[in-house]
**Student:** 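One structure, as structure tokens, below. Some questions next.
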Amino acid sequence: MRNLSLFILLMGLAFSVFGQDQIEDKKKLVAKNAQLKKVGEGFTFTEGPAVHRNGDVFFTDQPNNKILRWSYTRNEISVFMEDAGRSNGMFFDLEGKLIACADMDNQLWSIDDKGNATVLVEGYKGKLLNGPNDVWVVPYGGLYFTDPLYKRPYWERDPEMQQDGEHLYYLSKDRMQLFRVDENLVKPNGLIGTPDGKKLYVADIGDNKTYVYDIEEDGYLRNRKVFCEMGSDGMTIDYRGNIYLTGKGVTVFNPKGEKIAHIPVPENWTSNVIFGGTDRKTLFITAMGAVYTLDMRTRGVY
């Protein structure tokens, strides 16, 4: 009886440990029998995945100051850009330019397919930004980016707060107007918008909440509401309107803010996520020193 009790106890412990690694998927978002695949490792801290129009995914290794490219067709990773301005979050615009949060000098860059960078934003009202973190380009419009403060060891500037808080910004389509659209966030981080350009989701990782806004034609936001009681690092959206948040693996919420899936990732932190591949059915995940993919039934929209 003692041995049986011990066996039951050990089995229970094993289930509790290994059960955490199981994908929770209430709405069959993940492809049948799909397994998480590590497609790259040996980096220091991966971030900022952005999908190219051909399905390749560009991502950053911020501490090593590189932008890398994962080829969907060859399943290979190559260096796209050295001296990448310590880029963090990224997103492709409609012209195929890579918009990057260049944290080295707290700027926003536009990078062409040859790796040539143009500075779009270098400050706000005569002061440096805190450190642009993530960016989303509005279809047929401007772009939004978050500006939290994460003190970096490579900064030569004063590492303290440069602005009067950690805010959300909008840059107009003609790149001439820059203004704040939310000054009441604790530490905004990841953000993503709907493909019709009508709604914006912003994660306040400092307040453990994600908000949803209505987007006005002039770029201003209205009707801020709590979408879910969870913050996030990076984030993405699928064609059903489900929102994918990161941190402890990848957690998925439907458009009503209800949790419908969780994808465990065997790393201490999951930083960001995007849909890649020519059919946008490959979930590409950046997590610490590695990157992963997962075959999906649902698909992305960018």
Side-chain angles (χ1 to χ4, degrees), residues 38-52 56-70 77-92 98-111 115 117 129-137 143-155 166 187-192 201-206 231-237 244-251 263 265-276 282-294 300 302:
K38 184 185 288 186
V39 295
E41 60 183 346
F43 311 109
T44 302
F45 192 87
T46 57
E47 248 288 8
V51 61
H52 188 271
D56 290 358
V57 175
F58 290 63
F59 66 97
T60 69
D61 185 1
Q62 190 179 33
N64 288 319
N65 201 17
K66 295 179 181 180
I67 297 175
L68 301 114
R69 179 175 188 162
W70 171 73
I77 293 174
S78 59
V79 175
F80 168 69
M81 184 178 181
E82 305 269 7
D83 299 321
R86 303 279 185 175
S87 289
N88 195 333
M90 304 188 298
F91 203 93
F92 279 98
L98 187 59
I99 308 301
C101 294
D103 191 61
M104 173 69 83
D105 294 314
N106 317 113
Q107 299 171 338
L108 202 67
W109 285 7
S110 174
I111 305 170
L129 293 164
N130 297 318
N133 186 276
D134 205 0
V135 59
W136 175 67
V137 180
L143 60 85
Y144 295 92
F145 67 91
T146 55
D147 185 45
L149 177 65
Y150 294 100
K151 296 179 182 180
R152 309 299 192 185
Y154 47 76
W155 280 344
E166 303 176 56
K187 189 177 286 293
N189 198 307
L191 75 169
I192 196 70
Y201 295 84
V202 179
D204 189 343
I205 200 169
S232 183
D233 201 336
M235 55 202 295
T236 195
I237 187 172
Y244 294 65
L245 305 185
T246 57
K248 185 69 174 178
V250 178
T251 306
I263 301 165
V265 178
E267 304 287 349
N268 291 333
W269 186 254
T270 300
S271 62
N272 217 323
V273 62
I274 194 73
F275 282 87
T282 300
L283 197 66
F284 187 94
I285 303 167
T286 56
M288 303 298 291
V291 289
Y292 296 81
T293 60
L294 180 66
Y302 296 112

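Computation of the quantities below employed the complete heavy-atom set of this structure, encompassing side-chain atoms and omitting hydrogens, waters and symmetry-equivalent molecules.
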**Student:** Backbone N or O of T146 within a donor-acceptor pair of the D134 side chain at under 3.5 Å?
**Tutor:** no
**Student:** Please report the interatomic distance CG(N133) to CG(L191), rounded to the nearest 0.5 Å.
**Tutor:** 9.0 Å
**Student:** Could you give the distance from CD1 (I67) to CD (E82), rounded to the nearest 0.5 Å?
**Tutor:** 10.5 Å
**Student:** Let me confirm one number: the CD-CZ distance from Q107 to R86, rounded to the nearest 0.5 Å.
**Tutor:** 14.0 Å
**Student:** Any cation-pi pair here, K187 with Y150, using under 6.0 Å and within 45°?
**Tutor:** yes
**Student:** Hey, what do you get for CG (L129) to CZ (F145), rounding to the nearest 0.5 Å?
**Tutor:** 5.0 Å
**Student:** List the atom of A117, the atom of W109, and the distance in Å for their closest heavy-atom pair.
**Tutor:** CB-CE3, 3.5 Å
**Student:** Are the side chain of T246 and the backbone N or O of S271 linked by a donor-acceptor pair below 3.5 Å?
**Tutor:** yes
**Student:** Is the F92 to F58 ring centre distance short of 6.0 Å?
**Tutor:** yes
**Student:** Indicate yes or no for a side-chain donor-acceptor contact from E47 to the backbone of T60 under 3.5 Å, with no hydrogens or angles considered.
**Tutor:** no
**Student:** Under a 3.5 Å distance rule, please check whether T46 uses its side chain to pair with a backbone N or O of M288 as donor and acceptor.
**Tutor:** yes
**Student:** With sequence neighbours excluded, what pairs up with Y244 under the side-chain hydrogen bond (donor to acceptor under 3.5 Å, both in side chains) test?
**Tutor:** D238
**Student:** Could you tell me whether a side-chain N or O of N88 sits under 3.5 Å from a main-chain N or O of A102, the two making a donor and an acceptor?
**Tutor:** no
**Student:** Verify, without hydrogens or angle tests, whether N189 (side chain) and D204 (backbone) share a donor-acceptor contact under 3.5 angstrom.
**Tutor:** no
**Student:** Roughly how far, to the nearest 0.5 Å, is OG1 of T286 from CG of D233?
**Tutor:** 7.5 Å
**Student:** D147 side chain to E166 main-chain N or O, any donor-acceptor pair under 3.5 Å?
**Tutor:** no
**Student:** According to salt bridge (Lys or Arg N to Asp or Glu O under 4.0 Å), does anything in residues 285-294 pair up with another residue at least two apart or in another chain? List the pairs.
**Tutor:** none
**Student:** Okay, side chain of R69, backbone of I77: is any donor-acceptor separation there less than 3.5 Å?
**Tutor:** no
**Student:** Cut-off 3.5 Å, side chains only: do N64 and T44 have a donor facing an acceptor?
**Tutor:** yes
**Student:** Contact between I111 and F80 at the side-chain level, heavy atoms closer than 4.5 Å - yes or no?
**Tutor:** yes
**Student:** Can you list everything that forms a side-chain contact (heavy atoms from CB on, under 4.5 Å) with K38? Sequence neighbours excluded, please.
**Tutor:** E41, E267, A290, Y292
**Student:** Could you tell me which non-hydrogen atom of N272 sits nearest to which non-hydrogen atom of P49, and how far apart they are?
**Tutor:** CB-CD, 3.3 Å
**Student:** Give, for atom CD1 of I99 and atom OG of S87, the distance between the pair rounded to the nearest 0.5 Å.
**Tutor:** 11.0 Å
